[in-house]
Amino acid sequence: MENTATKKKSKLCEVCNVSRPVLKRPKTGEMICKECFYTVFEDEIHHTIISNNLFKRGDRVAIGASGGKDSTVLAEIMTLLNKKYDYGLDLFLLSIDEGITGYRDDSLETVKRNQEQYQIPLKILSYKELYNWTMDDIVKEIGLKGNCTFCGVFRRQALDRGAVMLKANKIVTGHNADDIAETVLMNLLRGDIPRLQRCVNIITGSEGALPRSKPFKYTYQKEIVMYAYFKKLDYFSTECIYAPNAYRGHARDFLKDLEAVRPSIIIDIIHSAENFHFREENKMPVQRNCIQCGYICSNDICMACDLLKNLNSGLAKVKLSINLKRGKDNNNNSNNNDNNNTLKLESTSAATTTTTTVSN
Amino acid sequence: MKVKIELSGGLELLFDKKKVHEIEFSDKNEIPLKDLILYMRDNLLKERSELFVVDDTVRPGILVLINDADWELFGGISYNVEDKDTIIFISTLHGG
Ligand code: SF4
Ligand SMILES: [Zn+2]
Ligand SMILES: [Zn+2]
């Protein structure tokens, strides 16, 4: 009967002491009401933006919009903060259409509704336009192994190109604290030092590519979903039909298990990673431009062009199977996480040499 | 007692794509949330129960709201569900 007692006893919000609490904050354990939640949620993101100098007046900012919860809340928050604090930004919604029947075409409908709601211009750029391949075509060609590798590399570049078309000078994405903590763990487990070093940066891609930032770097997934729920934001939450079964990955499950015991773990991991010190020799490779498309990369040709070359010559499948035999394609994908995809891509590039030899 | 259950964030896909379920227990006037969750697993869930229940509670990453407020305010899984309660389950595990 103790529970009934707990339920009836109406505690008040720990911030305003007036209203009924609706949420226990994962970061602090505070019990707060709806209005106070909106305020702290918005203020914390504003603080992240200001203290990291993410924008300056006059910036043209493309919001990477997938129609999912994070980017939908990001569009809402960016619009709201831009007005409330007079950032002076021009905002755009940028959606990438991978060409996945029944998945992306539905989520794009959500983005179109967001466009009307927030009155921000929307650009949809498709893999078909950019690469002349849809994900549907790619899966037909290579099957369901390694599809996310293609998708991730293509998306990363597509966002950049779309932003350039919008004459945007910055990109923001909806990656949240949970996503970043998960990436830290994965890079740590794989010993991927260069990515471990970069993945907690709030701004990435500064060398030649457009700067990309993550205003939700310190924002918990739980609060993003609660915010969307209380504000009745309209988002899309179906899984991609080509997501590998291992999609959710051990790192995510592990993190969620730890979080259940100790909710601050997510921010703790990010803080740890921010304080790592790396030796000089782990510096990133020098950036160059792709000799085929001009995109920033660290080899003669960029990953997207490399993958396209294989697709167009019908070699992609052969190449992937070589990769799989070498045990390099570990299929730890996440549609939310460019880092995973790019990592695997390097394995594909490594295998290029092998295939070239084979086909000669 | 009557309980209303709402599923979202992709979780409804495991429950026949139905977002709202009403359940009536004519022989009870309260039920532990844990028993309700196991009841849902055994009677309403159509596929992949491991995406909903792990170790006799909801899978970590699924948010639960009791009458529109975070279940953690009411003791989480140890809460006793009463007549006319609305229990909402939202998955946070689907792509953003
Ligand atoms: S799961 Fe994500 S990365 Fe993989 S094919 Fe689908 S949208 Fe692309
Ligand atoms: Zn309050
Ligand atoms: Zn290129």
Side-chain angles (χ1 to χ4, degrees), chain A residues 1-4 6-7 11 20-26 29 31-34 37 66-74 103 107 173-176 178-179 216 220-222 224-226 228-230 235-240 243 247-248 252-261 263 334-336, chain B residues 1 6-15 17 19 29-36 47-48 50-96:
Chain A
M1 287 306 99
E2 205 208 302
N3 286 313
T4 324
T6 325
K7 185 191 174 188
K11 283 186 221 134
R20 185 179 73 102
V22 295
L23 171 80
K24 185 171 174 188
R25 299 201 72 198
M31 310 205 185
I32 57 176
C33 74
K34 205 181 280 184
F37 169 51
S66 67
K69 55 188 176 323
D70 299 305
S71 62
T72 300
V73 176
L74 185 63
Y103 165 67
S107 63
T173 60
H175 292 95
N176 59 45
D178 296 51
D179 297 328
F216 289 165
Y220 272 65
Q221 180 88 272
K222 172 177 172 180
I224 292 173
V225 173
M226 288 294 216
Y229 174 77
F230 289 131
Y235 68 86
F236 178 83
S237 50
T238 302
E239 196 83 65
C240 167
Y247 158 67
R248 276 187 252 278
R252 174 164 300 188
D253 285 342
F254 177 57
L255 194 64
K256 286 286 142 198
D257 287 347
L258 290 175
E259 189 194 2
V261 184
S334 150
N335 64 351
N336 214 349
Chain B
M1 66 180 286
E6 292 179 21
L7 301 151
S8 64
L11 213 50
E12 67 279 12
L13 300 176
L14 306 178
F15 291 82
K17 301 195 173 134
K19 290 196 159 211
N29 49 25
E30 62 170 37
I31 173 174
L33 181 54
K34 181 179 149 187
D35 293 359
L36 178 71
E47 52 185 299
R48 294 179 293 170
E50 72 282 2
L51 299 185
F52 181 57
V53 179
V54 174
D55 296 334
D56 284 358
T57 183
V58 288
R59 174 166 191 237
I62 294 175
L63 302 182
V64 185
L65 287 92
I66 298 168
N67 302 324
D68 246 12
D70 190 356
W71 74 330
E72 290 187 50
L73 300 169
F74 308 111
I77 191 69
S78 60
Y79 176 76
N80 275 316
V81 182
E82 298 177 359
D83 186 31
K84 300 195 182 60
D85 274 353
T86 298
I87 316 285
I88 299 168
F89 298 89
I90 312 174
S91 172
T92 67
L93 300 166
H94 287 81

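Below, read A as the first sequence line, B as the second, and so on, with proteins coming before strands; counting in each chain starts at 1.
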Does B:Ile88 reach the side chain of A:Tyr229, with side-chain heavy atoms less than 4.5 Å apart? yes

Side-chain touch B:Leu65/A:Phe230, heavy atoms, less than 4.5 angstrom: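 Yes, at least one pair of side-chain atoms sits under 4.5 Å.
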
Which residues pass the ring pair (Phe, Tyr, Trp, His ring centres under 6.0 Å) test with B:Phe52, sequence neighbours left out?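 Ring pair (Phe, Tyr, Trp, His ring centres under 6.0 Å) list for B:Phe52, sorted by chain: B:Phe15, B:Phe89.
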
Within this structure, what is the [atom1]-[atom2] distance for the pair [X] and [Y], rounded to the nearest 0.5 Å?
| X | Y | atom1 | atom2 | value |
| --- | --- | --- | --- | --- |
| B:Phe74 | A:Lys24 | CZ | NZ | 12.5 Å |
| A:Lys69 | B:Ser91 | NZ | OG | 7.0 Å |
| B:Asp68 | A:Arg20 | CG | CZ | 7.5 Å |

Over all atoms of both residues, closest heavy-atom pair of [X] and [Y]:
| X | Y | value |
| --- | --- | --- |
| B:Ala69 | A:Pro21 | CB-O, 4.1 Å |
| B:Gly10 | A:Ser237 | N-OG, 3.3 Å |
| B:Leu73 | A:Leu23 | CD1-N, 3.5 Å |

Candidate list A:Met31, A:Met226, A:Arg25, test side chain to side chain contact (heavy atoms under 4.5 Å, CB included), partner B:Asp70, passing option: A:Met226

